[in-house]
Structure formats: structure tokens, C-alpha cells
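Every heavy atom of this structure was used, including side-chain atoms; hydrogens, water molecules and symmetry mates were not. Residue numbers begin at 1 in each chain, while the letters A, B, ... track the order of the sequences.
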Protein chains: 2
Amino acid sequence: MTARQNFAYNLRSLRSTKGISQERLADLAELHRTYVSSVERCERNISIDNMEKLAAALGVDIRDLLQPNDNPSDRIR
Amino acid sequence: MTARQNFAYNLRSLRSTKGISQERLADLAELHRTYVSSVERCERNISIDNMEKLAAALGVDIRDLLQPNDNPSDRIR
DNA sequence: GTGTGACTTCTAGTCCGTA
DNA sequence: ATACGGACTAGAAGTCACA
């Protein structure tokens with residue numbers, strides 16, 4: 001369970017809870033749609049500035065996106 | 001008070017509380033001494049992987065390094 | 001022990017497309 | 001609405017010499 005995996009999982013989870021699309025989130029955070037997609041798929045080593053942008057776009061604290069969770073898919077890796 | 005500023009401040013603060021040098025921390029985290037220095041001075045837009053390395057080296061949770069604080073120097077900026 | 005500028009290598013991040 | 005690929009540019013990673 002890396003920080004990156006937690007971030008990816010929480011991002012997707014929070015985003016869909018709020019009912020917004022990757023595209024919309026990307027716009028709000030001023031990032032590219034495909035980039036948000038790759039972050040959620042845990043492919044990217046995101047920087048702190050962009051983590052903050054995404055957190056702000058979702059209206060949460062950056063630490064909320066780093067909260068440990070035990071999503072099954074992470075355990076597989 | 002950006003996430004970056006919080007991280008920088010907490011890193012330095014926690015590190016010196018533990019009484020270890022930048023050099024020692026860098027070794028523990030497998031990063032370069034001058035890189036740690038520049039992160040503490042808020043010059044670098046550090047990535048999540050390196051944040052995790054530093055947190056692990058200090059024996060704390062990554063979220064502890066993102067805790068908001070009201071250090072005076074940040075207010076000046 | 002730390003700060004800093006300069007530098008190269010590597011990847012983050014964008015933009016175009018297809019499915 | 002999302003995944004994924006290729007090609008590209010911006011910027012982070014990583015190192016060094018010197019103060």
C-alpha cells in the first residue's frame with residue numbers, strides 16, 4: 001500500500017462520490033483529462049503542487065487523499 | 001500556506017526534533033543531501049514517491065508532513 | 001552541516017488520436 | 001465518460017563544486 005496507490009484510490013473514490021467526471025475534475029484543477037486518468041490508474045508520480053490542485057478541486061484537504069484504505073485491488077499488487 | 005510550504009516546514013521541524021542532519025536523512029531516504037536541503041527550503045515541487053521516502057526515513061506518516069502549521073515565515077510570503 | 005547555482009537525465013504533463 | 005497510445009515540451013530528479 002504505497003502513498004501513490006492510496007492517493008489514486010481516494011481520488012477516484014472521492015471524485016465519483018461527488019459525481020463528477022475526470023474531465024470536469026481536470027478542468028477544475030487546471031490539469032489535463034488524460035493526466036487525471038493516469039493518476040487514478042496509479043501510473044504517475046504526481047507532484048505536491050498537483051496533489052494540492054486536485055484536493056482543492058474536490059474541496060477536500062490534501063491529507064484526505066492520502067488516507068490509507070484497504071481496497072482489494074491494492075492488495076493484489 | 002501551500003501544501004509545499006507545510007511539507008517543507010514540517011520536514012525540517014521533525015528532522016531537527018529527531019536530531020538528525022539533512023545528510024543523514026538523505027542517506028536514510030536514499031536521496032541526495034542537497035535535494036533534501038532544497039525541499040526544506042521549499043524550492044522543489046516534490047513528488048509523492050519522494051515524500052513517502054522522506055516520511056518513512058523519519059518514521060512518520062506522510063500525512064504528518066502535510067499537517068498545517070502557522071509558522072511565521074510562511075505568513076510573510 | 002547547510003545553502004545555492006548550474007547542470008544533465010528522466011519523467012511529468014499535454015495534446016493528438018483511437019477504441 | 002474512460003482507457004490507452006504516440007509524440008512532444010515542461011519541469012522534477014538527481015548530482016556537483018563552491019561558499
message: Whether the side chain of R44(B) and the base of dG11(D) hold a donor-acceptor pair under 3.5 Å is what I'd like checked.
response: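 Answer no: no donor N or O sits under 3.5 Å from an acceptor.
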
query: Can you find an N or O donor on one side and an acceptor on the other, under 3.5 Å apart, linking the side chain of T34(B) with the base of dC16(D)?
result: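 Counting by modelled atom types and ignoring angles, a donor-acceptor contact under 3.5 Å is found here.
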
Between [X] and [N], is there a side-chain N or O to OP1/OP2 distance below 4.0 Å?
| X | N | result |
| --- | --- | --- |
| R12(B) | dG3(C) | yes |
| R15(A) | dT2(D) | yes |
| S37(A) | dA3(D) | yes |
| N50(B) | dG14(D) | yes |
| N45(A) | dT11(C) | no |

task: Looking only at side-chain atoms of S21(A), point me to the closest of dA12(C), dA13(D), dA1(D).
output: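 Nearest to the side-chain atoms of S21(A), counting from C-beta on, is dA1(D).
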
Take atom [atom1] of [X] and atom [atom2] of [N], then tell me their distance rounded to the nearest Å.
| X | N | atom1 | atom2 | answer |
| --- | --- | --- | --- | --- |
| H32(B) | dA17(D) | NE2 | P | 9 Å |
| Q22(A) | dA1(D) | CD | P | 10 Å |
| I48(A) | dA12(D) | CD1 | C1' | 13 Å |
| E30(A) | dG11(D) | CD | P | 14 Å |
| R33(B) | dC16(D) | CZ | C1' | 10 Å |
| R41(B) | dT4(C) | CZ | P | 5 Å |
| Y35(B) | dT9(C) | OH | P | 19 Å |
| E43(B) | dG11(D) | CD | P | 16 Å |

Validation row: [X], [Y] side chains within 4.5 angstrom (heavy atoms):
| X | Y | result |
| --- | --- | --- |
| E52(A) | S47(A) | no |
| L58(A) | D64(A) | no |
| L54(A) | V36(A) | yes |

query: E40(B) pairs by salt bridge (Lys or Arg N to Asp or Glu O under 4.0 Å) with which of R33(B), R15(B), R4(B)?
result: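 Option passing the salt bridge (Lys or Arg N to Asp or Glu O under 4.0 Å) with E40(B): R15(B).
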
- prompt: Looking only at heavy atoms, which two atoms of N6(B) and M1(B) are closest? And how far apart?
  reply: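 Nearest heavy atoms, N6(B) then M1(B): OD1-CE, 2.8 Å.
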
